[in-house]
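The structure appears below as structure tokens.
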Amino acid sequence: MTQPIDQDAALFARPWIFIRGVPSMKFLPPEGPPEVAFAGRSNVGKSSLINALLTQKGLARTSNTPGRTQELNYFVPDGYSGQGEDLPPMALVDMPGYGYAQAPKQQVDQWTKLVFDYLRGRATLKRVYVLIDARHGIKKNDEDVLDLLDKAAVSYQIVLTKTDKIKPPAVEKLLAATAEKLRKRPAAFPGIIATSSEKNAGLDLLRQAIQETVAG
């Protein structure tokens with residue numbers, strides 16, 4: 001039995017820890033607490049957003065080298081033994097970045113298999129938050145991942161990153177255009193969250209969305 005989610009966002013203020021990197025399905029931790037996963041193109045600002053969301057600099061690794069994260073990286077709030085009923089209330093999964101040109105096809109195929117197997121076979125996965133760079137909008141490789149999520153019938157929600165890099169009217173225009181692109185996608189959760197990890201914009205909305213998702 002998992003602990004209840006703290007409704008006052010204290011969960012995100014407490015320390016979080018990295019528990020393991022998962023290069024293949026056999027290394028997945030046992031199913032226990034509900035999980036939410038973060039996906040996005042390389043250089044979309046995923047690590048920076050996770051660090052800002054959990055108010056911990058350096059927890060998720062940031063890198064100038066696209067595609068550095070090639071595992072499913074698990075993070076949980078600290079202070080739980082993980083034994084018996086002393087489980088954390090949730091786990092956050094940082095998925096490998098996609099869309100980096102230098103990756104050989106074999107590596108891309110491995111990533112696709114790992115991700116699809118995880119998406120299709122993880123009963124505790126509640127939602128995937130797909131990060132989209134506000135400067136570029138949804139690109140072809142983003143659409144491929146959304147297709148994968150639709151095929152796996154996994155609920156996902158779009159999170160715009162780096163909204164501080166474009167003007168407010170452009171953000172509103174992008175929100176409308178993105179909503180239209182998602183309208184006919186069966187697994188897309190309604191509502192797009194606009195964020196900036198640099199300005200801490202939209203993070204409370206994202207925390208609330210995660211809490212509501214996990215609380216179910």
Side-chain angles (χ1 to χ4, degrees), residues 1-40 46-62 69-97 111 113-131 145 148-149 152-159 187-189 191 193 195 197 200 202-216:
M1 181 178 178
T2 58
Q3 302 289 332
I5 288 287
D6 300 317
Q7 294 302 318
D8 59 358
L11 175 68
F12 292 100
R14 68 186 299 161
W16 282 63
I17 57 172
F18 168 75
I19 57 169
R20 75 172 68 179
V22 177
S24 64
M25 291 291 286
K26 67 181 180 180
F27 295 106
L28 278 174
E31 289 187 349
E35 298 170 8
V36 296
F38 282 69
K46 182 157 54 67
S47 296
S48 296
L49 183 67
I50 290 172
N51 290 336
L53 184 72
L54 303 180
T55 61
Q56 270 178 261
K57 291 181 179 178
L59 181 66
R61 294 180 304 174
T62 58
T69 303
Q70 286 305 298
E71 301 176 332
L72 301 171
N73 288 322
Y74 269 75
F75 302 94
V76 297
D78 199 7
Y80 301 90
S81 69
Q83 304 299 316
E85 293 190 356
D86 190 30
L87 297 175
M90 65 169 287
L92 189 153
V93 183
D94 181 7
M95 297 172 71
W111 178 89
K113 184 179 188 313
L114 171 63
V115 168
F116 189 69
D117 286 347
Y118 168 70
L119 294 174
R120 185 175 51 187
R122 195 68 170 171
T124 45
L125 176 62
K126 299 300 183 182
R127 181 161 301 153
V128 176
Y129 292 91
V130 181
L131 276 48
V145 170
L148 194 68
L149 290 161
V154 173
S155 172
Y156 60 89
Q157 187 168 8
I158 299 297
V159 177
F189 184 81
I193 303 173
T195 69
S197 56
N200 286 326
L203 297 183
D204 284 341
L205 285 175
L206 181 54
R207 292 183 187 113
Q208 182 181 355
I210 291 171
Q211 288 179 320
E212 290 174 355
T213 297
V214 173

Practice task
Over all heavy atoms of both residues, which pair between Arg14 and Asp78 is shortest? Give the atoms and the distance, please.
Solution key: NH2-O, 2.9 Å
Exercise for the section: Return the minimal non-hydrogen interatomic distance between Gly32 and Leu87, and the atom names on each side. Expected result: CA-CD1, 4.3 Å
Practice task
To the nearest 0.5 angstrom, please state how far the OG atom of Ser24 sits from the CG atom of Asp117.
Solution key: 10.0 Å
Practice task
Answer yes or no: is there a donor N or O on one side and an acceptor on the other, between the side chain of Trp16 and the main chain of Ala91, under 3.5 Å?
Solution key: no
Problem - Single hit among Asn73, Leu53, Leu59, Val76 for side chain to side chain contact (heavy atoms under 4.5 Å, CB included) with Leu92 - result: Leu53
Exercise for the section: Verify, without hydrogens or angle tests, whether Arg207 (side chain) and Phe12 (backbone) share a donor-acceptor contact under 3.5 angstrom. Expected result: no
Practice task
Using only heavy-atom distances, determine whether the side chains of Tyr80 and Glu85 contain a donor-acceptor pair under 3.5 Å.
Solution key: no
Problem - Any Val93 side-chain heavy atom under 4.5 Å of Phe38 side chain - result: no
Handout entry: Closest contact, heavy atoms only, Leu119 versus Ala152
Key = CB-CB, 4.0 Å
Problem - Main-chain N/O of Ser47 paired to Asn51 side chain as donor or acceptor, under 3.5 Å - result: yes
Exercise for the section: Go through the steps to decide whether Thr213 and Tyr129 satisfy the test side-chain hydrogen bond (donor to acceptor under 3.5 Å, both in side chains), and finish with yes or no. Expected result: CA-CA 11 Å; Thr213 297; Tyr129 292 91; 3.1 Å; yes
Problem - Ion pair check, Glu35 and Lys126, cut-off under 4.0 Å - result: no
Problem - Cation-pi check, Arg127 onto Phe189 ring (under 6.0 Å, within 45° of axis) - result: yes
Practice task
Could you tell me whether the side chain of Gln157 and the main chain of Gly191 form a donor-acceptor pair under 3.5 Å?
Solution key: yes
Fill in the blank from the handout: Of all heavy-atom pairs linking Asp86 and Ser81, the shortest is OD2-N, 2.8 Å
Handout entry: Interatomic spacing from CG in Leu114 to CG in Leu28 - rounded to 0.5 Å
Key = 7.5 Å
Practice task
Identify the two heavy atoms, one from Leu72 and one from Met95, that lie closest to each other, and give their separation to 0.1 Å.
Solution key: CD2-CG, 3.9 Å
Fill in the blank from the handout: Nearest heavy-atom contact between Ala13 and Thr55 is CA-OG1, 4.2 Å
